[in-house]
Amino acid sequence: MRIGRLMTGAVPGIVAAITVAALLATVVPTNDAYAKRRRNRSGKLRLIDVNVGTFDGVSHNQVIEFKFTADVDPGTVGAAIIQIRGENATRSGFTKQVPGTFQVQGRTVRFFPRLPTHLRNPDDPRGGFYARGTECDNADENAGLQPSTNYEIYVVGHPEPSPVRSTRGRQLTNSYSTRFTTAPIFDRALAFTIDS
């Protein structure tokens, strides 16, 4: 009987201790969760991933995705701030900006390279396309990413005057750069399909 009473008396104490521990766990975050919240509150904006960084054989229709540690201000994203440039003909530098559009969604920035297209002639008062057979009429050449080409990505950060910023106004802590190479082309219909 005594053992029974001790156990009976101990069970409510154990239950109370477990209940208090459970309540504390919901109120006081674990060390990992607390550290993560502190890092986010510290406001440092960092680039943590680029989905094509240091890759070879990147598809010509690949959407390039950048992941940051905080929500990005869309007003600080553009071709001058996130530079994606192809290597020049002399292989002495990366000079030609890849045409395309940016999309900002929270902590993710996506770059959609231009697919093969015919371009409109800005000198045509009616907004027509370049004449057939001219250099600018080549739809494949007008694509953003070209086959078997080296590219460099440079993301402008601190201490540059116009870095990427978070929605809280915090600037990207450093500038980042990486390179990638596109795949050779075998079948144009597959290389530039929108069904990737």
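Atom set for the values below is all heavy atoms of this structure, side chains included, hydrogens, waters and symmetry mates excluded.
- Put simply, the side chain of Asn174 never gets that close to the backbone of Leu47: no donor and acceptor are under 3.5 Å apart.
- Between the side chain of His60 and the main chain of Ala183, a donor-acceptor pair closer than 3.5 Å is present.
- Between Val98 and Gly86, the shortest heavy-atom contact is CG2-N, 4.4 Å.
- Here the side chains of Val109 and Phe68 are in contact, with some heavy-atom distance below 4.5 Å.
- For Arg91, the salt bridge (Lys or Arg N to Asp or Glu O under 4.0 Å) partners at least two apart in sequence or on another chain are Glu87.
- Judged by distance alone, with hydrogens and angles left aside, the side-chain atoms of Thr182 form a donor-acceptor pair with the main-chain N or O of Ser148 at under 3.5 Å.
- Summarising the geometry, atom OG1 belonging to Thr95 is positioned 4.0 Å from atom CG belonging to Asn88; distances are rounded to the nearest 0.5 Å.
- Side-chain atoms of Ser92 do not come within 3.5 Å of backbone N or O of Thr90 as any donor-acceptor pair.
- No side-chain heavy atom of Val156 sits less than 4.5 Å from a side-chain heavy atom of Val164.
- Hydrophobic clustering keeps Phe111 apart from Phe94 (ILVMFWY residues linked when any side-chain heavy atoms are closer than 4.5 Å, directly or through intermediates).
- Val52 and Gln62 make their closest contact through CG1-CG, 3.7 Å (heavy atoms, listed as atom of the first residue, atom of the second, distance).
- Judged purely by atom type and a 3.5 angstrom limit, Glu160 has no side-chain atom pairing as donor or acceptor with the backbone of Gly157.
- The main-chain N or O of Lys44 is found under 3.5 Å from a side-chain atom of Thr69 such that the two form a donor-acceptor pair.
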Report task. Could you walk me through whether Arg85 and Glu152 pass salt bridge (charged side-chain N to carboxylate O under 4.0 Å, His left out), step by step? Result -> CA-CA 5 Å; Arg85 296 184 173 168; Glu152 181 178 69; over 6 Å; no
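- A distance-only check finds a donor-acceptor pair linking the side chain of Thr76 to the backbone of Arg165 [under 3.5 Å].
- Counting heavy atoms from C-beta on, the side chains of Ile48 and Phe66 never come closer than 4.5 Å.
- The main-chain N or O of Tyr130 is never found under 3.5 Å from a side-chain atom of Arg120 such that the two would form a donor-acceptor pair.
- Put simply, the side chain of Asn51 gets close to the backbone of Glu65: a donor and an acceptor are under 3.5 Å apart.
- A donor atom on one side chain and an acceptor atom on the other are found under 3.5 Å apart for Thr181 and Asn150.
- For the atom pair CG (Asp71) and CZ (Arg170), the distance works out to 13.0 Å, reported to the nearest 0.5 Å.
- The CD atom of Glu135 lies 8.5 Å from the CD atom of Glu141; values are rounded to the nearest 0.5 Å.
- The shortest non-hydrogen separation linking Pro116 to Ala143 is N-CB, 3.8 Å.
- Note that the CG atom of Asn121 and the CZ atom of Arg126 stand 11.0 Å from one another [nearest 0.5 Å].
- You'll find the side chain of Val72 stays beyond 4.5 Å of the side chain of Thr167, heavy atoms only.
- By the 30° and 60° cut-offs, the orientation of the rings of Phe180 relative to Tyr151 is parallel.
- Between Ile64 and Val50 there is a side-chain heavy-atom pair separated by less than 4.5 Å.
- Among all heavy-atom pairs drawn from Gln171 and Leu45, the shortest one is O-CB, 3.8 Å.
- Two residues are said to be in side-chain contact when any heavy atoms from C-beta on lie closer than 4.5 Å; Lys67 and Arg107 fail this criterion.
- The cluster map of Ile, Leu, Val, Met, Phe, Trp and Tyr, joined by side-chain heavy atoms under 4.5 Å apart, puts Leu119 and Leu145 in different clusters.
- Put simply, the side chain of Ser166 gets close to the backbone of Arg168: a donor and an acceptor are under 3.5 Å apart.
- Contact check for Val155 versus Ile81: no side-chain heavy atoms found under the 4.5 Å cut-off.
- Counting all heavy atoms, side chain and backbone alike, Pro99 lies closest to Asn142 at CG-O, 4.4 Å.
- Of the inter-residue distances, the one linking Asp124 atom CG with Phe129 atom CZ reads 10.5 Å to the nearest 0.5 angstrom.
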